[in-house]
Amino acid sequence: MSIILKIKKTDDAKDLPLPAYMSEGAAGMDLYANVKEEVILQPGEIKLIPTGIQIELPPNFEAQIRPRSGLALNYGITLLNTPGTIDSDYRGEIKLIVINLGKEAVKIARGQRIAQMVINQIVRPTIVEAEILSETKRDEGGFGHTGI
Ligand SMILES: O=c1ccn([C@H]2C[C@H](O)[C@@H](COP(=O)(O)OP(=O)(O)OP(=O)(O)O)O2)c(=O)[nH]1
């Protein structure tokens with residue numbers, strides 16, 4: 001399926017590249033850190049890192065912002081709320097809630113590829129309150145009920 005994703009750079013990010021897919025089959029496009037100068041994240045520290053982009057998704061689509069595995073494995077850098085949800089009616093700058101779960105301080109430079117964004121189609125069902133739900137063999141069993 002091919003859709004259009006409109007991306008607007010914020011005024012302070014005109015020099016950064018547009019997000020891009022880094023390989024032919026990449027699911028996520030990499031997002032850049034729109035920080036004025038280098039930011040240091042101490043172990044355990046959380047910072048809101050702007051990406052310099054605002055987007056317009058078609059209705060019934062969402063964007064998920066996710067960590068990059070290399071940064072997670074090598075530095076313990078991840079997104080606290082992964083996957084972050086970007087709603088189709090959100091027009092603000094996309095920002096990343098970045099946390100350093102590693103043991104060392106980590107530097108984030110301007111223009112660094114800090115996270116990735118995956119576009120998904122979503123289903124918004126009509127919500128119906130019900131007193132009775134259909135019976136199943138599993139019934140209320142869960143949380144390892146079929147064995148570990
Ligand atoms: O990591 C994130 C998560 C969200 N957003 C933006 C886009 C999203 O559409 C909006 C609201 O996010 P969410 O629904 O997760 O936040 P909320 O805490 O439920 O706030 P709201 O009441 O504004 O929906 O904030 C980001 O830029 N980064």
Side-chain angles (χ1 to χ4, degrees), residues 1-134 138 140 142-145:
M1 186 201 324
S2 174
I3 63 162
I4 303 283
L5 175 68
K6 287 188 189 168
I7 303 183
K8 183 182 172 197
K9 292 183 191 173
T10 57
D11 288 345
D12 59 354
K14 301 291 186 207
D15 58 312
L16 295 179
L18 274 183
Y21 292 103
M22 301 307 284
S23 76
E24 217 171 293
M29 58 189 94
D30 283 352
L31 301 180
Y32 300 92
N34 179 28
V35 289
K36 273 201 193 80
E37 50 207 37
E38 204 171 72
V39 165
I40 297 182
L41 271 178
Q42 298 297 335
E45 198 176 9
I46 300 167
K47 278 194 174 153
L48 194 61
I49 304 291
T51 61
I53 59 161
Q54 299 162 255
I55 65 172
E56 182 177 331
L57 285 159
N60 297 317
F61 281 82
E62 62 149 357
Q64 290 188 1
I65 42 181
R66 306 183 185 172
R68 294 187 63 212
S69 60
L71 292 179
L73 178 65
N74 295 310
Y75 303 102
I77 288 293
T78 188
L79 303 183
L80 184 59
N81 59 332
T82 184
T85 304
I86 310 301
D87 303 291
S88 65
D89 56 355
Y90 180 70
R91 295 289 178 271
E93 182 176 7
I94 294 176
K95 294 181 179 174
L96 308 168
I97 306 170
V98 178
I99 182 166
N100 177 3
L101 296 179
K103 291 195 170 73
E104 312 281 339
V106 175
K107 287 180 195 162
I108 297 171
R110 178 170 181 79
Q112 188 177 336
R113 288 183 289 130
I114 186 79
Q116 58 185 316
M117 180 167 76
V118 175
I119 308 299
N120 284 311
Q121 211 163 5
I122 54 139
V123 175
R124 280 173 49 116
T126 303
I127 296 169
V128 177
E129 185 173 357
E131 295 299 332
I132 298 169
L133 302 178
S134 69
R138 173 186 285 274
E140 293 191 20
F143 312 98
H145 125 108

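Note that ligands are numbered from 1 as they come in the structure, with each ligand's atoms numbered from 1 the same way.
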Considering only the protein, which heavy-atom contact is closest to [atom], and what is its distance?
| atom | answer |
| --- | --- |
| atom 4 (C) of ligand 1 | Thr85 O, 3.4 Å |
| atom 5 (N) of ligand 1 | Ile86 CD1, 3.7 Å |
| atom 14 (O) of ligand 1 | Asp87 OD2, 3.7 Å |
| atom 28 (N) of ligand 1 | Lys95 O, 2.7 Å |
| atom 25 (O) of ligand 1 | Tyr90 CE1, 4.0 Å |

Fill in: Trace of the side chain to side chain contact (heavy atoms under 4.5 Å, CB included) decision for Leu57 with Ile55
CA-CA 6 Å; Leu57 285 159; Ile55 65 172; 3.9 Å; yes

Worksheet item: Near Ile94, which atoms of ligand 1 are under 4.0 Å from a heavy atom of that residue?
Response: 27 (O)

Worksheet entry | For Ile65, atoms of ligand 1 separated by under 4.0 Å from a heavy atom | 1 (O), 2 (C), 28 (N)

Treating [X] as the side-chain partner and [Y] as the backbone partner, does any N or O pair qualify as donor plus acceptor under 3.5 Å?
| X | Y | value |
| --- | --- | --- |
| Asn100 | Gly102 | yes |
| Tyr90 | Glu93 | yes |
| Gln54 | Arg91 | yes |

Item to complete: For Glu45, enumerate each residue passing the salt bridge (Lys or Arg N to Asp or Glu O under 4.0 Å) test, keeping only those at least two apart in sequence or located in another chain.
Response: Lys47

Fill in: salt bridge (Lys or Arg N to Asp or Glu O under 4.0 Å) involving Asp15 - partner list, sequence neighbours excluded
Arg110

Answer yes or no for [atom]: protein heavy atom present at a distance under 4.0 Å?
| atom | value |
| --- | --- |
| atom 9 (O) of ligand 1 | yes |
| atom 17 (P) of ligand 1 | no |
| atom 20 (O) of ligand 1 | no |

Fill in: Under-4.0 Å heavy-atom contact with ligand 1, by part of Leu96 that carries it
neither

Practice prompt. Have a look at Asn81, Ile97, Leu79 and point out the one with the heavy atom closest to atom 1 (O) of ligand 1.
Written response: Asn81

Worksheet item: When rounded to the nearest 0.5 angstrom, what is the spacing between CE in Met117 and CD1 in Ile7?
Response: 5.0 Å

Worksheet, complete the sentence: The reported gap from CD1 in Ile46 to CG in Leu79 (rounded to nearest 0.5 angstrom) is 11.5 Å

